[in-house]
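Just so you know, these numbers use all the heavy atoms, side chains as well, and skip hydrogens, waters and symmetry mates. Here is the naming used below: chain letters follow the sequence lines, and residue numbers restart at 1 for every chain.
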Amino acid sequence: MKYDHKQIEKKWQDRWEEAGAFHASDCYDKPKYYTLIEFPYPSGQGLHVGHPRSYTAMDIIARKRRMQGYNVLFPIGWDAFGLPSENYAIKNHVHPSEVTKKNIARFKEQLKSLGLSFDWTREINTTDPEYYKWTQWIFLQLFHHGLAYKKEMSVNWCTSCKCVLANEEVVNGVCERCGSEVVRKVKSQWMLKITEYAQRLIDDLTLVDYPDRVKAQQIHWIGRSTGAEVDFATTAGDQLTVYTTRPDTLYGVTYMVVSPEHPFLEKWKGQIKNFDEVAAYQKEAAKKSDFERTEVAKDKTGVRLDGVSAVNPVNGAKIPIFISDYVLVSYGTGAIMAVPAHDTRDWEFAKKFDLPIIEVVKGGNVQEEAFTDCGTGILVNSGILNGLPVEEAKKKIIEYLTEKGIGRAKINFKLRDWVFSRQRYWGEPIPIIKCPKCGYVPVPESELPIRLPNVKSYEPTDTGESPLAHMTDWVNTTCPHCGGPAKRETDTMPQWAGSSWYFLRYADAHNHDALASKEALKYWMPVDWYNGGMEHTTLHVLYSRFWHKFLYDIGVVPTPEPYAKRTSHGMILGENGEKMSKSRGNVVNPDDIVSEYGADTMRLYEMFIGDFEKAAPWNTHGIKGCRRFVERFWNLQDILCEGDSIRKELEVPFNKAIKKVGEDVENLKFNTAIAALMSLINDITAVGSITRGELRIFTLLLNLFAPHVCEEVWKNQKFGGMVCLQDWPKYDEAKCVDKTIEIVVQVNGKVRAHLNVPADIAKEDALSQAKANEKISAEIDGKNLIKEIYVPAKLINLVVR
RNA sequence: GCGGGUGUGGUGGAAUUGGCAGACACGCAAGAUUUAGGUUCUUGUGAGUUUCUCGUGCAGGUUCAAGUCCUGUCACCCGCACCA
């Protein structure tokens with residue numbers, strides 16, 4: 001019999017489907033296991049070899065859990081709203097839903113050809129009104145709870161997409177998606193108050209099993225800092241409040257800085273003698289995009305306010321106020337107290353503008369560089385704080401300021417609220433009606449979903465309005481509150497909306513009355529294991545944790561966190577070690593691999609390629625090794641011998657392999673799990689034959705990685721049923737150790753001999769055998785034996801002089 | 001600058017309570033089978049001046065013993081970045 005992957009793979013994909021082998025059961029008394037992959041965006045390019053890396057890994061976990069007796073949910077769906085489909089639609093004058101439909105069909109076919117054990121009965125699609133009804137419903141709940149609000153604000157505007165971007169979508173000053181320049185623009189936007197959850201998003205990381213690097217990145221992104229607000233009196237009459245993390249250095253303040261956008265500047269117009277200069281600087285700063293602003297970061301610029309100054313509240317010193325773009329209006333209070341002796345940026349600015357530098361923490365040479373160390377310094381020149389270490393001084397000054405009513409302890413976050421509107425067509429309409437009398441009125445829940453109307457042109461407008469704005473029939477409506485004429489919101493939601501809750505829908509994908517039933521959520525949540533890309537750490541994962549926490553607070557979901565465990569895979573790079581991309585010409589098409597070598601080989605190779613969590617370059621030669629392995633497995637059928645059990649000589653290799661494959665898979669060490677199976681097949685080949693019992697175990701193990709060929713062998717050998725529905729094999733710990741072992745004998749740390757001894761040999765026997773060894777005795781005779789090191793079952797080291 | 005990570009044969013990568021560095025695979029070489037081989041099988045394969053020595057980015061240290069622990073340093077990758 002020759003191995004023919006084309007015939008075998010299609011056949012078993014069909015049989016699994018006919019048998020419903022991978023359908024999650026709705027009977028809730030069995031233990032459940034929910035494995036999740038990031039549902040793909042069905043792009044026009046089709047599947048990338050990167051997709052199957054994550055999918056196969058979770059497929060392996062899902063298959064193993066089924067064999068371990070769990071009711072497994074391993075679902076799939078489509079994150080189908082988004083710009084590429086819309087742009088394609090604009091260019092080719094087809095409806096984005098048509099494009100999406102076509103792309104999904106292609107993706108589906110490609111995914112099915114990989115033999116992934118998805119439960120297709122729960123397939124979802126974010127662009128389906130039955131689905132986005134509930135995305136809109138969640139938005140309404142956020143609105144009712146004051147977490148969705150409209151705000152006039154300066155936003156990131158992509159000049160090419162003609163669309164607002166979230167902070168998270170701006171990378172190095174350019175649009176994450178298209179790479180075009182991003183500028184600031186003031187627009188009225190829907191915002192979501194993710195900042196309200198900042199602290200809990202940090203705290204609850206202790207409840208989940210995420211890799212440290214993911215936790216660290218989220219914590220860093222949320223950017224909590226503790227410090228104090230301090231009120232400074234000014235000669236203009238207003239109190240200028242600043243935020244500082246170093247209130248202990250208050251006596252060292254020699255000037256203050258406000259951001260160019262600070263509202264006081266307009267208010268103080270009459271008193272600022274050099275207002276022309278100030279206005280010119282403001283204008284210059286506003287023109288710069290964020291990118292330019294950070295590009296020139298090295299050189300500090302600014303203008304001193306002539307006519308207004310401040311007073312240091314602790315020592316009465318009169319201090320000048322500057323305006324400079326190194327202070328951001330969006331963080332803290334938009335103003336700072338500058339302590340050049342102990343802050344690098346303030347130090348640079350002070351040097352440039354020749355401002356005094358007063359040392360208040362001893363330990364460095366503040367005329368040479370800022371001394372920022374908080375651990376070792378002692379306060380000096382600081383009145384009531386003199387002699388205190390930094391941390392104590394912080395406490396004392398906050399107490400003092402609080403008592404006097406001129407300051408208070410304060411916690412700040414770098415995290416900003418989430419800009420939630422997009423001026424594009426292909427997204428969920430925001431279910432809000434703007435009434436001239438009643439303001440923003442939510443659409444009644446009974447009217448959901450608000451469907452996307454058919455428009456003639458999907459082209460975004462240059463005024464920055466959504467294409468929906470031209471649809472007067474759709475836009476003009478009546479106010480649900482007062483019944484008067486009103487207009488619909490024409491902005492749509494960002495792509496992140498549908499993906500912020502999709503894992504909930506899988507629990508009960510066809511429910512018409514709720515996003516999912518309470519019982520289904522209670523049973524299936526949380527997701528037990530979620531694997532995805534590192535690039536979503538501060539986007540999708542953070543956003544969906546936020547939504548989930550909100551839904552938890554209003555009693556919709558039963559768990560405070562959506563994902564109990566999150567892991568991340570490394571990228572698959574091109575053969576040249578660079579990121580795969582069309583422009584680099586190093587893209588590998590998974591279809592070609594599946595067609596030439598088969599899905600089983602492809603799956604094995606993607607798992608064998610290297611450490612799952614690290615990036616790995618694709619290597620076409622490497623695939624051959626995996627194909628050979630599959631064929632060697634297939635050919636085991638030709639060397640079958642009598643017997644239904646494992647023979648003595650293979651007892652240890654088999655027990656070891658069962659143990660190792662099981663453990664490695666749990667730790668994402670797929671590469672070494674496969675290596676263990678390759679070793680095992682080498683052991684079998686060395687023996688020259690295999691019993692039915694041995695082949696049975698091997699097939700059960702390999703089935704996780706290469707399911708099709710294993711089903712075929714399973715059927716050929718008439719083991720009964722389907723291999724994917726069998727029990728995971730057990731091993732005997734006692735049979736995982738060899739009866740005789742090899743002990744290394746070292747002299748002065750250098751290997752000099754190997755001993756074959758019984759595994760349970762006593763220390764004395766081992767030592768005397770070692771010394772009796774010819775080579776060893778030649779080394780040690782006539783020398784002083786100072787030390788004997790014995791590591792049981794491993795090594796002997798004789799130290800001589 | 002801050003946070004996270006990586007550095008091992010010709011190649012992808014194994015090896016972590018410190019205990020034989022290079023598992024497994026690719027590639028390469030020799031041999032066998034074959035009309036043929038981009039097939040299969042067998043054997044070999046870190047380097048060298050080969051009874052031995054050297055070898056895990058570099059320089060030190062601890063230890064009987066270091067890829068692994070400590071100190072310093074270099075290079076590269078990812079994320080963030082004037083966040084007070």
Please state the C1' separation for the pair G12(B) and U8(B) - nearest whole angstrom. 12 Å
Using a cutoff of under 3.5 Å, can you pull out all pairs of nitrogen or oxygen atoms linking the protein to nucleotides 22-29 of chain B, with atom names and distances?
residue : atom : partner : partner atom : Å
A25(B)  : OP1  : N682(A) : ND2          : 3.4
C26(B)  : OP1  : R628(A) : NH1          : 2.4

Is K414(A) close enough to C82(B) that one of its side-chain N or O atoms is under 4.0 Å from OP1 or OP2 there? no
In this structure, are over 12 heavy atoms from other groups packed under 6.0 Å from D212(A) atom CG? no
Which value, in whole Å, describes the distance between the P atoms of nucleotides G5(B) and U56(B)? 23 Å
Regarding the side chain of V327(A), the nearest nucleotide among A84(B), C82(B), G3(B) is A84(B)
Within-4.5 Å side-chain heavy-atom neighbours: K410(A) and Y243(A): yes
Sub-3.5 Å donor-acceptor pair from the side chain of R545(A) to the main-chain atoms of L201(A), do we have one? yes
Say you pick atom P in U43(B) and the same atom in C52(B); how far apart are they, in whole Å? 27 Å
N/O (side chain, T537(A)) to phosphate O (OP1/OP2, G79(B)) under 4.0 Å: no
Watson-Crick or G-U stems involving RNA chain B, each at least 3 pairs long, distances under 3.5 Å, ordered by first number: B:1-7 with B:74-80, B:10-12 with B:24-26, B:27-32 with B:40-45, B:46-48 with B:52-54, B:57-61 with B:69-73
Atom P, compared across U42(B) and U53(B): separation rounded to whole Å: 34 Å
For a quick check of understanding: with a heavy-atom distance under 4.0 Å over all strands, which category does K410(A) fall into, base, sugar-phosphate or nothing? nothing
Would you please say whether a donor-acceptor pair under 3.5 Å links the side chains of N756(A) and T740(A)? no
Exceeds 12 heavy-atom contacts within 6.0 angstrom, atom NE2 of H621(A): no
Can we call the ring centroids of F629(A) and F608(A) under 6.0 Å apart? no
Before we go on, tell me: are the rings of F353(A) and Y255(A) under 6.0 Å apart, centre to centre? no
Heavy-atom count around E575(A) CD within 6.0 Å, excluding the residue itself: above 12? yes
Between K669(A) and A335(A), whichever has its closest RNA chain B nucleotide further toward 5' is K669(A)
Give a yes or no on this: more than 12 heavy atoms of other residues, nucleotides or ligands lie within 6.0 Å of atom NZ of K395(A). no
Partner of Q746(A) by side chain to side chain contact (heavy atoms under 4.5 Å, CB included), out of I776(A), N797(A), V799(A), I789(A): N797(A)
Using a cut-off of 4.0 Å on non-hydrogen atoms, how would the nucleic acid contact of D611(A) be classed: base, sugar-phosphate, or nothing? sugar-phosphate
Check the pair I690(A), L650(A) against side-chain contact (heavy atoms from CB on, under 4.5 Å), reporting the backbone distance first and the verdict last. CA-CA 10 Å; I690(A) 187 166; L650(A) 287 171; 5.9 Å; no
Looking at every strand, decide which applies to S225(A) at a 4.0 Å heavy-atom threshold: base, sugar-phosphate, or nothing. sugar-phosphate
P-based separation of G67(B) from G55(B) [nearest Å]: 10 Å
Going by the glycosidic torsion and a 90 degree boundary from 0, is the base of G44(B) oriented syn or anti? anti
Return the polar atom pairs (N/O with N/O) between nucleotides 18-20 of chain B and the protein under 3.5 Å, or none.
residue : atom : partner : partner atom : Å
C20(B)  : O2   : H754(A) : NE2          : 2.9
C20(B)  : N4   : E742(A) : OE1          : 3.2

Is Y543(A) close to H536(A) at the side-chain level, that is, under 4.5 Å between some pair of heavy atoms? no
